[in-house]
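First comes the structure, then the notes that go with it.
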Amino acid sequence: MSDNDSSDEDEHDDKVKQVLVEIDKTKATVKQGIESAIIRGDKLDELDEKALMLSNESDAFNKSAKKLRRHFCLEQWKMIGCITFIVIILILVIWLIVSPPGSNDD
């Protein structure tokens with residue numbers, strides 16, 4: 001009978017050891033999963049920061065692009081004004097040369 005009790009006790013010990021091994025494996029798997037989740041979370045935080053920085057930089061770029069567009073538009077209108085003024089002066093000079101005041105060809 002003691003042989004039988006010893007055998008039952010060995011089986012029970014083996015089952016306990018198997019359960020403990022399974023628990024250790026599960027703990028390792030859970031630990032690895034948690035570490036992976038933390039790493040992913042850190043990467044997501046970095047991506048969020050980069051996205052925010054990119055958004056801020058794009059806003060600054062858009063503002064400077066609008067300012068630059070306005071500047072060159074103003075420059076273009078200045079150039080058009082100068083050319084128009086020069087053309088009017090040239091027309092007046094040519095008109096005065098062709099028919100000077102006081103000369104009556106009538």
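Considering all non-hydrogen atoms of both residues, S58 and S55 come closest at OG-O, 2.8 Å.
Here the CD atom belonging to Q32 is positioned 11.0 Å from the CD1 atom belonging to I34, to the nearest 0.5 angstrom. Note that CG of L92 and CD1 of I97 are 11.0 Å apart. Values are rounded to the nearest 0.5 Å. Rounded to the nearest 0.5 Å, atoms NZ (K50) and CD (E57) are 12.0 Å apart. With rounding to the nearest 0.5 angstrom, the CG atom of D59 is 10.0 Å from the CG atom of L54. Going from atom CD1 of I38 over to atom CD of E35 covers 7.0 Å, rounded to the nearest 0.5 Å. K63 contributes atom NZ, which lies 10.0 Å from atom NZ of K67 (distance to the nearest 0.5 angstrom).
Judged as a salt bridge (Lys or Arg N to Asp or Glu O under 4.0 Å), and not counting sequence neighbours, the contacts of K78 are E75. Scanning for salt bridge (Lys or Arg N to Asp or Glu O under 4.0 Å) contacts around E49 gives an empty result, with sequence neighbours left out. Remark: K66 pairs with R69, R70 by the side chain to side chain contact (heavy atoms under 4.5 Å, CB included) rule, at least two apart or across chains.
I89 and V98 are assigned to two separate hydrophobic clusters, defined by single-linkage of ILVMFWY side chains at heavy-atom distances under 4.5 Å. Linking Ile, Leu, Val, Met, Phe, Trp and Tyr whenever their side-chain heavy atoms come within less than 4.5 Å puts I83 and I91 in one cluster. Linking Ile, Leu, Val, Met, Phe, Trp and Tyr residues whenever their side-chain heavy atoms come within less than 4.5 Å leaves V30 and V21 in two separate clusters. Hydrophobic clustering places V93 together with F85 (ILVMFWY residues linked when any side-chain heavy atoms are closer than 4.5 Å, directly or through intermediates).
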